[in-house]
Amino acid sequence: MSVLNQSIFLRTVLLVLVSVTTDVHGAPPELPLANVYHQGTDLSEYWVSEKLDGVRAYWDGEHLWSRGGHQYQSPEWFTKRFPDDPLDGELWLGRGRFSELSGIVRTQVPVDQDWRRVSFHVFDLPMQNTPFSERYEELRAIVADSGSPYLALVRQHPISSHRALMEQLDQTVAAGGEGLMLKRKKSLYLGGRSDDLLKVKPFQDREAVVVEQIPGRGQFEGMMGALLVELPSGRRFRIGTGFSDAERESPPEPGQTVTFKFHGYTSSGLPRFASYLRIRDDEP
């Protein structure tokens with residue numbers, strides 16, 4: 001089979017599989033999610049890329065969807081040259097600009113001048129029974145063929161050792177990046193958390209739901225002093241650091257989901273040195 005015919009065949013198979021993995025231009029299927037990298041992992045099985053501080057998005061061939069199954073109201077011109085193929089990636093504005101991006105993509109009436117600064121960085125092709133190494137090559141061709149200025153490919157490359165990985169992590173973080181991602185080359189496109197996808201960061205992060213705002217004392221008198229939060233397991237603890245004065249004056253409300261960073265776990269199983277990062281408000 002010639003290269004051209006092989007490409008046409010793969011595209012045809014992909015479009016057929018879209019009707020299986022999505023409800024034909026509907027909400028996205030369960031997306032692949034990352035576990036945390038630990039030293040000792042066989043890095044020869046993985047490729048590495050930058051972990052973008054953006055908003056996860058799934059393109060179904062007609063619309064952009066959030067991880068929670070809500071449709072992003074992007075301008076028509078933004079996706080005009082996107083392919084019919086499904087794409088998995090992140091809407092991104094730049095390093096350290098998550099809050100600004102979140103405000104742009106959550107609006108029900110899109111603002112053109114804001115969306116012109118956003119781009120969709122894709123890192124996977126939702127294609128069943130095909131290893132990532134092959135999906136990535138097809139993804140590369142799809143992005144190149146689209147010609148869209150708002151569609152970009154997340155670059156993947158091999159990594160030789162844990163030391164090399166840590167050096168790249170330090171360089172990325174020093175430049176304002178959030179961290180790195182490892183993707184297993186032989187992995188299939190499957191939803192849920194697994195070691196096929198690993199995040200590499202200088203700290204761990206999780207999400208919790210705000211239960212109560214604890215009043216501040218001393219220098220924080222008249223402001224929020226800490227948040228009582230609850231993990232999915234039902235366990236509760238307080239987060240008292242990481243907030244700006246503005247965030248203490250107008251803190252997250254009970255019921256909202258927040259992201260916090262931490263460094264391992266205590267002997268009782270609670271996050272150690274938990275510090276507030278942001279409200280998880282990336283849903284439209």
Side-chain angles (χ1 to χ4, degrees), residues 31-57 67 88-99 101 119 121-125 131-137 139-140 152-190 192-208 231 237 239 241-243 258-267 269-278 280 282:
L31 303 179
L33 301 174
N35 281 331
V36 177
Y37 165 78
H38 296 287
Q39 186 175 359
T41 299
D42 184 357
L43 293 174
S44 67
E45 297 181 359
Y46 291 84
W47 283 337
V48 65
S49 63
E50 180 174 347
K51 185 181 188 303
L52 302 181
D53 188 16
V55 170
R56 186 73 174 268
R67 192 173 114 190
D88 190 358
E90 292 211 7
L91 293 168
W92 198 53
L93 194 60
R95 290 170 170 169
R97 302 179 69 180
F98 175 85
S99 295
L101 171 71
S119 52
H121 289 247
V122 293
F123 45 66
D124 209 341
L125 190 61
F132 177 66
S133 58
E134 295 180 24
R135 298 199 308 274
Y136 184 70
E137 290 306 313
L139 181 63
R140 187 201 303 272
L153 179 71
V154 174
R155 301 294 176 182
Q156 306 275 350
H157 65 85
I159 194 75
S160 61
S161 65
H162 173 76
R163 180 176 179 178
L165 183 67
M166 292 300 99
E167 289 176 352
Q168 184 171 338
L169 175 64
D170 290 343
Q171 293 169 2
T172 301
V173 172
E178 187 176 57
L180 303 173
M181 298 297 294
L182 292 169
K183 184 71 173 179
R184 199 192 303 270
K185 292 178 287 186
K186 293 183 179 180
S187 65
L188 302 180
Y189 190 87
L190 300 172
R193 292 194 187 278
S194 75
D195 286 348
D196 288 342
L197 186 63
L198 300 172
K199 54 186 174 182
V200 188
K201 302 174 70 173
F203 54 80
Q204 295 171 266
D205 59 20
R206 289 190 65 180
E207 294 172 351
L231 295 169
F237 63 98
I239 300 176
T241 62
F243 303 97
V258 298
T259 302
F260 63 92
K261 65 180 181 179
F262 63 104
H263 299 270
Y265 293 89
T266 65
S267 59
L270 288 175
R272 179 183 284 115
F273 306 129
S275 180
Y276 175 80
L277 282 176
R278 56 178 175 252
R280 191 197 161 191
D282 55 347

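None of the values given here were measured: they were computed from a predicted structure. What you see below is based on every heavy atom in this structure, not just the backbone, and it leaves out hydrogens, waters and symmetry mates.
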Is it true that a side-chain atom of E50 and a backbone atom of T172 form a donor plus acceptor pair closer than 3.5 Å? no

Please enumerate all residues that pass ring-ring contact (aromatic ring centres under 6.0 Å, His included) together with F273, with sequence neighbours excluded. none

Residue list, ring-ring contact (aromatic ring centres under 6.0 Å, His included) with F260, at least two apart or on another chain: F237, F262

Within-4.5 Å side-chain heavy-atom neighbours: V55 and L101: yes

Testing the 3.5 Å rule here: is there a donor-acceptor pair between the side chains of Q168 and H157? yes

Separation between CG of L125 and CG of D88, rounded to the nearest 0.5 Å: 9.5 Å

Any chance you could measure L182, atom CG, to S187, atom OG, to the nearest 0.5 Å? 11.5 Å

Within 45° of the six-membered ring axis of F132 and under 6.0 Å from that ring's centre, is NZ or CZ of K183 located there? yes

If you compare all heavy atoms of T241 against all heavy atoms of A274, which two are closest, and at what distance to 0.1 Å? OG1-O, 3.4 Å

How long is the gap from CD on Q156 to OG on S49, to the nearest 0.5 Å? 4.0 Å

Quick check for you: to the nearest 0.5 Å, what is the distance between L180 atom CG and Q171 atom CD? 9.5 Å

Ignoring hydrogens and geometry, is there a side-chain-to-backbone donor-acceptor pair from S194 to D196 under 3.5 Å? yes

Could you give me the CA-CA distance, side-chain angles and deciding distance for N35 and L197, then say whether side-chain contact (heavy atoms from CB on, under 4.5 Å) is met? CA-CA 6 Å; N35 281 331; L197 186 63; over 6 Å; no

Is it true that Y46 and R184 share a donor-acceptor pair across their side chains at a distance under 3.5 Å? yes

Would you verify whether the NZ or CZ of R135 falls within 45 degrees of the ring axis of Y189 while also being under 6.0 Å from that six-membered ring's centre? no

Would you call Q204 and Y265 a side-chain contact if the rule is heavy atoms closer than 4.5 Å? yes

Less than 4.5 Å apart, any side-chain heavy atom of L153 and any of Y136? yes

Y37 vs L165, side-chain contact (heavy atoms from CB on, under 4.5 Å): CA-CA, chis, key distance, verdict: CA-CA 11 Å; Y37 165 78; L165 183 67; 3.6 Å; yes

So which of K261, K51, K199 actually passes salt bridge (Lys or Arg N to Asp or Glu O under 4.0 Å) with D205? K199

What verdict does the side-chain contact (heavy atoms from CB on, under 4.5 Å) test give for F123 and E90, after you've listed the backbone C-alpha separation in whole Å, the side-chain angles of each residue and the deciding distance to 0.1 Å? CA-CA 8 Å; F123 45 66; E90 292 211 7; 3.7 Å; yes

Rounded distance [0.5 Å steps], CG in L31 versus CZ in R56: 4.5 Å

Using salt bridge (Lys or Arg N to Asp or Glu O under 4.0 Å) as the criterion, point out the one residue from R278, K201, R97, R95 that pairs with D53. R278

Counting N and O atoms only, with roles assigned by atom type, does the side chain of R193 sit under 3.5 Å from a partner on the main chain of A34, one being a donor and the other an acceptor? yes

Note, F243 side chain near S275 side chain (heavy atom, < 4.5 Å): no

Find out whether L139 and E137 are in side-chain contact, i.e. whether some heavy atom of one side chain is under 4.5 Å from a heavy atom of the other. no

Going through the checks in order, is the side-chain contact (heavy atoms from CB on, under 4.5 Å) test met by H162 and H38? CA-CA 9 Å; H162 173 76; H38 296 287; over 6 Å; no

Return the CG to CG distance between D195 and D42, rounded to the nearest 0.5 Å. 12.0 Å

